[in-house]
There are 2 protein chains.
Amino acid sequence: MNTAKKSSVSSTLRRTRQRDAIRDVFHREHRPLRAEEVCALAKQVVPGIGLATVYRALKQLVERGELTEVRVPELDNVLYESADKGHHHHFCCRRCERILDFDGCAMKTGPLAPPGFVVESHEVYLYGVCADCAAAL
Amino acid sequence: MNTAKKSSVSSTLRRTRQRDAIRDVFHREHRPLRAEEVCALAKQVVPGIGLATVYRALKQLVERGELTEVRVPELDNVLYESADKGHHHHFCCRRCERILDFDGCAMKTGPLAPPGFVVESHEVYLYGVCADCAAAL
DNA sequence: ATCGGTGCAAAGCCTTTGCAAAGGT
DNA sequence: ACCTTTGCAAAGGCTTTGCACCGAT
């Protein structure tokens, strides 16, 4: 889909307050975040930061392999999280709307797709109520 | 998320050429389709049909339980398919960009989420090369 | 002094909505 | 007739892009 337009993944990528602030956000929050959330959190450090800058930074960091996009089917926005986590999947809490990682793979090892299909990767999404919300009921 | 606005799921839902054409599309194509695709296919029967009409019909049919939304993480658009299929998941071919159903559930039955989490439903997406594309290589 | 980065506003893309005309029942 | 449905165009929501100024190296 993305045919790597001008993504000169080699360019220098200068160090700026904005980008530092954005990286820090992910070091503090250990869960997938929406661009808007990243922007709000980054504003605590760099008040003037704009949404466009956040989007640009997120895209670069994804290209660099520092972040990963997380698209939860039931949600409308793309989320971002650190790419330095091992293989894991996502749990979507229908109460608090948060997305949480859960380690370990829930996939069987047996035949998954019909014969003739080549499976390169997979994603699993669980929906329900997270531990916090369940405890609060 | 959708707090059921005015969805009077009880109203009469008149029979129109447009809606018939849209239903027929799903009876012919047995795979998830984008609104644009549905519109193009429906135009073969009702040339003047507009995209807005398709979107409205799709939404109603989903509310009625005739169709289901399919949101593949790697794709940007929502897809729709008949709801009368059993539990299944989706395979996304990275060559032809088509989404194909595959029966059977690839999930383990063991512990999926951390303790305390209540799992209500799940979705699995496989990515790779479909049988047709693999054969053509 | 360069040339990438930033903020703002405008543009894009898909989807939804407003409205008057058309069409079912 | 009554009231839903349609088609068109305009509006929305999120993300990207154009541009002039700012700032890191």
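The basis for the numbers below is simple: all heavy atoms, side chains too, and nothing from hydrogens, waters or symmetry mates. Convention: sequence-line order gives letters A, B, ...; per-chain numbering from 1. Bear in mind that the values here come from a model prediction, so they are computed numbers and not experimental data.
C:dC14 atom P lies 13 Å from atom CG of B:Leu79, rounded to whole Å. As rounded to whole Å, 10 Å separates atom P of C:dT6 from atom CG of A:Asp20. Across the protein-nucleic acid pair, B:Glu36 atom CD and C:dC13 atom C1' stand 11 Å apart, rounded to whole Å. In this structure, the CD atom of B:Glu69 is 8 Å from the P atom of C:dT16, given to the nearest Å. Following rounding to the nearest Å, B:Leu61 (CG) and D:dT4 (P) show an atom-to-atom distance of 18 Å. Rounding to whole angstrom units, CZ of residue A:Arg64 and C1' of C:dG4 are separated by 12 Å. Distance CG (B:Leu51) to C1' (D:dA11): 16 Å, rounded to an integer number of Å. What separates CD1 of B:Ile49 from C1' of D:dT6 is a distance of 9 Å, to the nearest Å.
Tested against B:Phe26 for a side chain to side chain contact (heavy atoms under 4.5 Å, CB included), the candidates B:Leu61, B:Asp84, B:Leu58 yield a single pass: B:Leu58.
Applying the 4.0 Å criterion to OP1 and OP2 of D:dT6, one finds that B:Thr16 has a side-chain N or O inside that range. For the OP1/OP2 pair of C:dG23 and a distance below 4.0 Å, the side-chain nitrogens and oxygens of B:Gln18 include no atom meeting the criterion. Taking only side-chain nitrogens and oxygens, A:Thr53 comes nearer than 4.0 Å to OP1 or OP2 of C:dG7.
Ring geometry for B:His90 against B:Tyr125 counts as parallel: the plane angle stays under 30°, on a 0 to 90° scale with 60° as the upper cut.
For A:Arg19, counting side-chain heavy atoms from C-beta on, the closest listed nucleotide (C:dG7, C:dG5, D:dT6) is C:dG5. Of the candidate nucleotides C:dC8, D:dA24, C:dG23, C:dG23 has the atom nearest to the side chain of B:Arg14.
Residues B:Asn77 and B:Arg17 both approach DNA chain C. Their nearest nucleotides, taken by heavy-atom distance, put B:Asn77 toward the 5′ side. With DNA chain C read from its 5' end, the first of the two nearest nucleotides for A:Ala57 and B:Ala52 is the one closest to A:Ala57.
Taking the centre of each ring, A:His87 and A:His122 come in below the 6.0 Å mark.
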* **Intermediate values then yes/no, salt bridge (Lys or Arg N to Asp or Glu O under 4.0 Å), A:Arg64 and A:Glu66** => CA-CA 6 Å; A:Arg64 293 243 148 184; A:Glu66 288 186 44; 5.7 Å; no

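Using a 4.5 Å cut-off on side-chain heavy atoms (C-beta onward), B:Phe117 and A:Leu100 make contact.
Interface remark: the A:Arg34 side chain does not form any donor-acceptor pair with the D:dG13 base, using a distance-only criterion of under 3.5 Å. Judged by distance alone, with hydrogens and angles left aside, B:Arg15 brings no side-chain donor or acceptor close enough to the base of C:dG23 to form a pair under 3.5 Å.
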